[in-house]
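Counting starts at 1 for both ligands and their atoms, following the listed order.
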Amino acid sequence: MATIHDLAEYLGQPGGPLAAVIELFPDMVFVVDREERILHINTLAARSLDGTPEQFIGREQSALFAPPLGARHSQFIQQVFRTGEIVVTETHQELHDTPIWIDARLVPLKAARGEVRAVVGIIRDVSARVRAQEALSVREAYLRAMLDNFPFLVWLKDIDGRFLAVNQTFALSCGRAHAGDVVGLTDFDVWPKDLAQRYVDDDRSVMATRQQKDVEEPIFTEGAPRWYETFKTSVLDQQGKVLGTTGFSRDITERQRLDEQLRAQREQLRALAAHVESVREEERVRIAREIHDELGQALTCMSMDLAFLDKQLPKGNAEAAARVSALATLVKDTVKTVRRISSELRPSILDDLGLGAAMEWLAHDFATRTGIDCAVSVPSNISIAAERGTVVFRMCQEALTNVARHAGASHVSIDLMIDEDDRLSLEVSDNGRGITDEEVHRPDSLGLLGMRERAALLGGVAEVKGRAGEGTTVTVRVPLVGSPTHSSG
Ligand SMILES: Nc1ncnc2c1ncn2[C@@H]1O[C@H](COP(=O)(O)OP(=O)(O)OP(=O)(O)O)[C@@H](O)[C@H]1O
Ligand SMILES: [Mg+2]
């Protein structure tokens with residue numbers, strides 16, 4: 001057995017500088033001879049086994065470990081004696097029922113001739129690190145599972161555009177079986193060239209601007225194009241240095257298709273509504289004209305004939321004279337009624353004198369019929385296509401009908417203006433109870449919906465706003481020119 005004196009040349013004097021270093025070492029340290037007897041042990045190591053260095057010196061190294069581990073270390077120690085080379089191991093044992101992980105470094109102490117005289121064991125408890133690593137790998141497994149089951153393509157690229165990680169959805173969509181197959185590749189390895197170039201350009205711009213990028217783009221691979229919505233952003237370290245990019249992308253082809261369908265259906269409905277509206281308008285014009293012309297003419301004839309009959313009546317027939325005169329009055333009233341019905345259907349003034357005059361007539365007629373005071377202001381001449389003018393007129397009529405029916409107002413004002421953008425602007429405001437937001441957006445507020453739709457058809461907007469107790473304002477803005485988006489045929 002080697003003695004402590006033989007090792008003096010390696011360890012220094014007992015209590016000397018090297019021993020002092022070993023004592024100060026933050027790891028557990030012991031020295032054994034070829035028989036694996038403990039020559040030296042630091043306090044840290046002895047204390048971890050609830051003892052003092054003196055209690056361990058002279059005992060076998062196996063006293064330091066649980067039995068199976070003692071046997072394994074024995075093998076390693078003998079290996080160091082044999083080969084003269086350092087052995088590094090990581091072992092695992094139960095200590096008081098808690099698993100611990102030990103990193104052991106076994107270092108040869110050689111004599112001048114190179115012969116191994118003793119082995120220094122440096123032991124470190126790495127349980128905390130191993131546990132942290134295990135926790136990390138569990139977390140990684142969770143993340144992995146989450147990402148792989150994500151219906152989006154997810155990726156992480158380094159600064160040169162190499163994939164560091166992708167999820168399974170990504171791998172499948174670029175024709176690879178496993179996510180791992182994509183790691184280390186670039187966009188050019190997995191996508192068609194022009195697509196890859198676009199992605200690389202996007203990455204560069206994201207890294208340069210450090211801003212997120214959201215794009216909806218069609219992707220043409222084989223077959224019909226598919227639409228993707230992609231979010232990209234740069235990955236920064238804690239100092240703000242760019243490390244690479246990350247992003248995810250989802251297939252929105254189906255959503256796009258439904259959106260498109262919905263848009264087309266809306267367009268169709270709008271066109272249908274416009275068609276119905278214009279047919280209705282033509283019908284009104286026709287009926288108004290017929291009532292006016294045919295009935296009007298018949299009534300004029302009757303009135304002339306009555307005047308003739310009145311003259312022909314024999315004098316003294318008071319009763320007959322009274323009847324003829326009553327009949328003449330009735331005919332006159334009927335002429336007025338016919339005129340009223342005809343102009344309600346379609347005010348001829350709209351065709352004859354244009355929108356401004358028609359609005360003035362409408363305001364006057366409204367005030368007379370409802371008793372609600374109605375102020376009107378129109379520009380002196382408005383040059384607007386006849387069918388556009390009619391639509392605006394009808395919207396104004398609708399707004400006034402609402403005032404009469406719902407507002408409880410005593411005053412309403414109509415303002416027609418040409419604004420700075422060459423748009424016709426119509427404002428109808430009353431001083432009634434004020435429409436609520438809920439009423440504005442109620443699905444059965446079809447009159448208001450019709451107004452918005454008519455405005456949209458002319459490339460404009462209609463807005464309705466109310467303030468409780470203060471009244472309601474309908475604002476319509478439409479371009480003066482432009483063809484309606486529907487056909488009236
Ligand atoms: N000027 C207004 N003041 C107060 N409430 C209003 C006014 N205009 C509309 N409303 C409210 O908004 C609702 C919706 O109006 P909308 O014109 O869409 O339908 P309506 O007038 O009830 O029926 P119609 O389809 O015959 O026009 C009305 O029922 C009413 O409650
Ligand atoms: Mg209405």
- Can you spot which of F248, F152, W155 makes a ring pair (Phe, Tyr, Trp, His ring centres under 6.0 Å) with F231? F248
- Task: For the Mg ion (ligand 2), find the closest N/O/S atom on E398 and give its atom name.
- Result: OE2
- Task: Please lay out, stage by stage, how M451 and V474 fare under the test side chain to side chain contact (heavy atoms under 4.5 Å, CB included).
- Result: CA-CA 10 Å; M451 250 192 263; V474 175; 3.7 Å; yes
- For K232 and Y199, indicate whether the former's side chain and the latter's backbone hold a donor-acceptor pair under 3.5 Å. yes
- Query: Side chain, backbone, both or neither: which part of D430 comes within less than 4.0 Å of ligand 1 when only heavy atoms are counted?
  - Reply: side chain
- Message: Below 4.0 Å, non-hydrogen atoms only: which portion of L448 touches ligand 1? Side chain, backbone, both or neither.
- Response: both
So, regarding [X] and ligand 1 (criterion: nitrogen or oxygen to nitrogen or oxygen, under 3.5 Å), is there a contact or not?
X: R405; value: yes
X: V403; value: no
X: L449; value: no

Nearest protein heavy-atom contact for [atom]: which residue, which atom, what distance?
atom: atom 11 (C) of ligand 1; answer: I435 CD1, 3.6 Å
atom: atom 7 (C) of ligand 1; answer: H406 CB, 4.0 Å
atom: atom 14 (C) of ligand 1; answer: S445 OG, 3.3 Å

- Message: Which of the numbered atoms in ligand 1 are under 4.0 angstrom from any heavy atom belonging to E398?
- Response: 17 (O), 27 (O)
- Proximal ligand 1 atoms for L446, defined as those under 4.0 Å from one of its heavy atoms: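 In order of numbering, the contacting atoms are 18 (O).
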- Task: Measure centre to centre between the rings of F163 and W191, then say whether the value is under 6.0 Å.
- Result: no
- Report the C-alpha distance between I372 and H411 in whole Å, list the side-chain angles of each, state the deciding distance to 0.1 Å, and finish with yes or no for side chain to side chain contact (heavy atoms under 4.5 Å, CB included). CA-CA 6 Å; I372 300 171; H411 179 86; 5.5 Å; no
- Query: Considering all heavy atoms of both residues, which atom of I418 and which atom of P379 are nearest to each other, and what is their separation?
  - Reply: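 The answer is CG1-CG, 4.3 Å.
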- N/O/S from N402 sitting under 2.8 Å away from the Mg ion (ligand 2): yes
- Message: With no hydrogens and no angle check, just 3.5 Å: does a side-chain donor-acceptor pair link D214 and Q212?
- Response: yes
- Task: Could you tell me if any non-hydrogen atom of R442 lies under 4.0 Å from any atom of ligand 1?
- Result: yes
- Near R442 CZ, under 6.0 Å, is it more than 12 heavy atoms from other residues, nucleotides or ligands?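 For R442, atom CZ is crowded (more than 12 foreign heavy atoms under 6.0 Å).
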